[in-house]
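Numbers for residues simply follow the sequence, beginning at 1. Treat the numbers as computed from the prediction; the structure is a model and nothing was measured.
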Amino acid sequence: MARHVSNMKDLEKALQPVLVNMVDELTERVYETLNYFLQEYYNSYNPKSYRRQFDFLRSAVRVKPKIKGSKVTASAYIDTQSMDNYYNATGYQVASWANQGLHGGLHTGSNTPHVWDDTMDNTVHNGELLKLAIEYLKSKGISVRA
């Protein structure tokens with residue numbers, strides 16, 4: 001359906017639903033990738049001296065897109081506040097160790113992912129999100145050149 005756009009406000013209003021859906025899809029991609037690396041982190045080590053609570057594995061959060069002025073924002077992140085079952089470590093410390101490839105602050109092998117950095121490398125830094133954004137906009141009939 002064609003829309004009449006006579007000023008920037010009209011254009012912003014016309015594009016908003018497209019942007020909300022695009023941001024939602026991009027956030028989902030980051031969230032899925034984060035969960036993949038959280039699972040790989042857990043798979044990389046089998047503790048023998050304690051029983052896992054799985055707080056860190058379940059710590060990924062995805063926030064649906066919100067419109068703030070002329071911007072659409074969303075987020076995917078590790079909720080360190082939800083991780084409160086650790087002995088002598090905060091949730092933030094556990095997430096920091098995981099991003100260094102450590103389990104409980106210890107180097108336990110070379111196949112341990114760096115959870116957040118690997119997520120960013122496989123979504124943002126490699127251009128994957130940009131590629132997905134361009135594909136999404138083109139699928140909606142918006143001409144995009146990269």
Side-chain angles (χ1 to χ4, degrees), residues 3 8-146:
R3 285 184 94 157
M8 290 304 288
K9 269 293 194 215
D10 290 346
L11 180 60
E12 181 182 314
K13 193 172 185 177
L15 289 176
Q16 215 166 49
V18 173
L19 294 176
V20 167
N21 289 331
M22 181 185 74
V23 168
D24 192 41
E25 285 190 20
L26 298 178
T27 307
E28 178 64 22
R29 175 74 167 104
V30 174
Y31 179 74
E32 288 171 357
T33 305
L34 176 57
N35 277 300
Y36 170 81
F37 284 111
L38 284 167
Q39 186 62 59
E40 287 300 302
Y41 176 80
Y42 270 77
N43 292 346
S44 71
Y45 180 62
N46 186 14
K48 298 191 182 6
S49 62
Y50 64 91
R51 197 177 76 207
R52 287 183 159 160
Q53 299 296 316
F54 298 98
D55 286 354
F56 186 48
L57 180 63
R58 297 182 192 107
S59 67
V61 173
R62 177 176 177 264
V63 177
K64 289 285 196 178
K66 293 182 178 120
I67 299 166
K68 295 181 180 178
S70 62
K71 297 179 183 178
V72 178
T73 62
S75 56
Y77 63 94
I78 296 169
D79 181 8
T80 59
Q81 299 298 313
S82 70
M83 300 186 293
D84 58 5
N85 285 331
Y86 295 99
Y87 180 73
N88 284 338
T90 64
Y92 180 81
Q93 183 64 64
V94 171
S96 295
W97 285 330
N99 200 44
Q100 297 169 41
L102 306 174
H103 286 271
L106 303 172
H107 181 54
T108 60
S110 60
N111 66 339
T112 305
H114 296 210
V115 175
W116 188 252
D117 286 347
D118 289 350
T119 298
M120 291 296 95
D121 287 345
N122 285 274
T123 55
V124 177
H125 301 146
N126 69 355
E128 179 70 13
L129 286 187
L130 178 60
K131 180 180 147 206
L132 291 173
I134 290 169
E135 288 173 7
Y136 183 85
L137 292 171
K138 284 182 177 181
S139 77
K140 299 302 177 193
I142 298 171
S143 179
V144 178
R145 289 186 299 177

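- Listed by first and then second residue, the side chain to side chain donor-acceptor pair (under 3.5 Å) pairs involving residues 120-129 are Asp121-His125 (not counting sequence neighbours).
- Tyr92 meets the ring pair (Phe, Tyr, Trp, His ring centres under 6.0 Å) test with no other residue; sequence neighbours excluded.
- Listed by chain and number, the residues in a side chain to side chain contact (heavy atoms under 4.5 Å, CB included) with Gln100 are Ser96, Leu102 (sequence neighbours excluded).
- Considering only residues two or more places apart in sequence or on other chains, Ala95 meets the side chain to side chain contact (heavy atoms under 4.5 Å, CB included) condition with Phe56, Ile78, Thr80, Met83.
- For the pair Leu26/Val30, no side-chain contact is recorded, criterion being any heavy-atom separation below 4.5 Å from C-beta on.
- Residue Asn88 holds its CG atom at 11.0 Å from CD of Gln93, rounded to the nearest 0.5 Å.
- Every pair passing salt bridge (Lys or Arg N to Asp or Glu O under 4.0 Å) that includes a residue from residues 54-67 is listed here, sequence neighbours excluded: Asp24-Arg62, Asp24-Lys64, Glu28-Arg62.
- For Lys9, the side chain to side chain contact (heavy atoms under 4.5 Å, CB included) test picks out Asn7, Glu12, with sequence neighbours left out.
- In terms of heavy atoms, Ala74 sits closest to Val63 at CB-O, 3.4 Å.
- Residues meeting the side chain to side chain contact (heavy atoms under 4.5 Å, CB included) test with Val144, sequence neighbours left out: Ile134, Leu137, Lys138, Ile142.
- Formation of a donor-acceptor pair under 3.5 Å by the Tyr45 side chain with backbone atoms of Thr108 is not found in this model.
- From Asp118, atom CG reaches atom CZ of Phe37 across 4.5 Å, with rounding to the nearest 0.5 Å.
- For Tyr77, there are no ring pair (Phe, Tyr, Trp, His ring centres under 6.0 Å) partners, not counting sequence neighbours.
- Sorted by first and then second residue, the side chain to side chain donor-acceptor pair (under 3.5 Å) pairs with a member in residues 32-41 read Arg29-Thr33, Gln39-Asn43, Tyr41-His103; sequence neighbours excluded.
- For CD of Gln81, the number of neighbouring non-hydrogen atoms (other residues, nucleotides, ligands) closer than 6.0 Å is 12 at most.
- Of all heavy-atom pairs between Val94 and Ala89, the closest is CG2-CB, 4.2 Å.
- For the pair Trp116 and Leu34, the minimum side-chain heavy-atom distance is below 4.5 Å.
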